[in-house]
Amino acid sequence: MKIAFVGKGGSGKTTLSSLFIRHLATTGAPVVAIDADINQHLGAALGLDEEEAAGLPAMGERLPLIKDYLRGSNPRIASAETMIKTTTPGEGSRLLRVRETNPVYDACAREVELDGDSVRLMVTGPFTEADLGVACYHSKTGAVELCLNHLVDGRDEYVVVDMTAGSDSFASGMFTRFDITFLVAEPTRKGVSVYRQYKEYARDFGVALKVVGNKVQGQDDLDFLRAEVGDDLLVTVGHSDWVRAMEKGRPPRFELLEDANRRALHRLQTAVDETYELRDWERYTRQMVHFHLKNARSWGNERTGADLAAQVDPGFVLGESVTAPA
């Protein structure tokens, strides 16, 4: 199951995504955590110190390896150099699965220990001063989108992505790559503004969107969120001494997280698991193709010098039953 956490900067989306990752890890389920926010705070939120977090391998710097592996023997893709962030898989492409080992995970993922449990952590890599004037941050997050396009995940397997802040996810089709999106919103007008943008833009794409109210301190905050987001409000989270200790670099054992916040995380997992029956791989593949063709026309063909529409395999539908070459 693929889960996105989105929200405006400072809303607490990274903190909440890290708590949810920790919660999933305690269930024994396999978890891949991806930091797709160029501010790169997920590693620290999962307990890594600054040196460890800075030393994580950047997916954006390993894009040639990722492309070469995913291309496989797909005859529709002339070379890895013609692949862009929205390139779709087809017959002969290699796919990624949550539980396996593969060269992409070997190069880009690191195991993070969490109170005796562990998750795979992958990061896009930060947007550095060297990138100014020569790249936009979408060139970093493109590696994540390409991997999601080639990812086959099943029930009780979890891929949790901490997304870029605000509504920047709409600069590509990555916002359609998830079974459910949790939008973290504070009980303020600015806090719900990103929700309105997301709701409006995602309406035509069947995106499952739920709001997690954060920093909710009382009934007035709760009433405000209910009035602004209605039935999309799934759960609220308040002050946490556990989170405060974690932010100081001294997290207690996760089992000591407050009961109310633990119940909130269980509610998030229930909402995720309930979306499994709603999966529509044909629509998922169709949306993938839609954004690839859009990017091909607008910039991809010119940049690569190839007809990227020819990469689309019209008979291919991604799904759990699809097999791929070794």
> When the ring planes of Phe20 and Phe5 are compared, do they come out parallel, tilted or perpendicular, using 30° and 60° as the limits?
Replying inline: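 Judged by the thresholds at 30° and 60°, the geometry between Phe20 and Phe5 is tilted.
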
Treating [X] as the side-chain partner and [Y] as the backbone partner, does any N or O pair qualify as donor plus acceptor under 3.5 Å?
| X | Y | result |
| --- | --- | --- |
| Asp313 | Glu91 | yes |
| Asp35 | Met122 | no |
| Arg76 | Leu308 | no |
| Glu277 | Glu274 | no |
| Thr14 | His41 | no |
| Glu157 | Lys2 | no |
| Gln269 | His266 | no |
| Arg283 | Arg279 | no |
| Asp49 | Glu52 | yes |
| Arg94 | His150 | no |

> Would the number of heavy atoms belonging to other residues, nucleotides or ligands and lying under 6.0 Å from CD of Glu111 be above 12?
Replying inline: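 Atom CD in Glu111 is crowded, with more than 12 foreign heavy atoms closer than 6.0 Å.
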
>> Are Leu70 and Leu96 packed together at the side-chain level, in the sense that at least one heavy-atom pair is separated by less than 4.5 angstrom?
In response: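 Side chain of Leu70 against side chain of Leu96, heavy atoms only: contact under 4.5 Å found.
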
Salt bridge between [X] and [Y], side-chain N to carboxylate O under 4.0 Å?
| X | Y | result |
| --- | --- | --- |
| Arg97 | Asp153 | no |
| Arg189 | Glu228 | no |
| Glu81 | Arg71 | no |

>> Once salt bridge (Lys or Arg N to Asp or Glu O under 4.0 Å) is applied, what residue pairs with a partner in residues 16-34 remain, sequence neighbours excluded?
In response: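 Found none.
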
Using atom types as modelled, flag every donor-acceptor pair under 3.5 Å from a side chain in residues 241-248 to any protein atom, sequence neighbours excluded.
from   : atom 1 : to     : atom 2 : distance (Å)
Asp241 : OD1    : His239 : NE2    : 2.8
Trp242 : NE1    : Pro252 : O      : 3.2
Trp242 : NE1    : Arg253 : O      : 3.1

Ignoring hydrogens and angles, state whether a donor on the side chain of [X] or [Y] is under 3.5 Å from an acceptor on the partner side chain.
| X | Y | value |
| --- | --- | --- |
| Tyr195 | Asp232 | yes |
| Asp117 | Thr26 | no |
| Tyr158 | Asp273 | yes |

Listing, residues 205-219 side-chain donor-acceptor contacts under 3.5 Å, not counting sequence neighbours, or none:
from   : atom 1 : to     : atom 2 : distance (Å)
Asn214 : ND2    : Ser11  : O      : 2.8
Lys215 : NZ     : Gly10  : O      : 2.8
Lys215 : NZ     : Glu186 : OE1    : 3.3
Gln219 : NE2    : Asp223 : OD1    : 2.8

> In this structure, which one of Lys85, Arg297, Gln311, Gln287 forms a side-chain hydrogen bond (donor to acceptor under 3.5 Å, both in side chains) with His292?
Replying inline: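 Of Lys85, Arg297, Gln311, Gln287, side-chain hydrogen bond (donor to acceptor under 3.5 Å, both in side chains) with His292 is met by Gln311 alone.
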
> Which heavy-atom pair separates Ala25 from Val31 by the least distance, and what is that distance?
Replying inline: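 That closest heavy-atom pairing would be N-CG2, 4.2 Å.
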
> So how far is it from Ser17 OG to Ile3 CD1, rounded to the nearest 0.5 Å?
Replying inline: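 Interatomic distance, Ser17 OG to Ile3 CD1, rounded to 0.5 Å: 11.0 Å.
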
>> If you apply the rule side chain to side chain contact (heavy atoms under 4.5 Å, CB included), what do you find for Phe178 with Met1, and how did you get there?
In response: CA-CA 8 Å; Phe178 302 99; Met1 307 298 291; over 6 Å; no

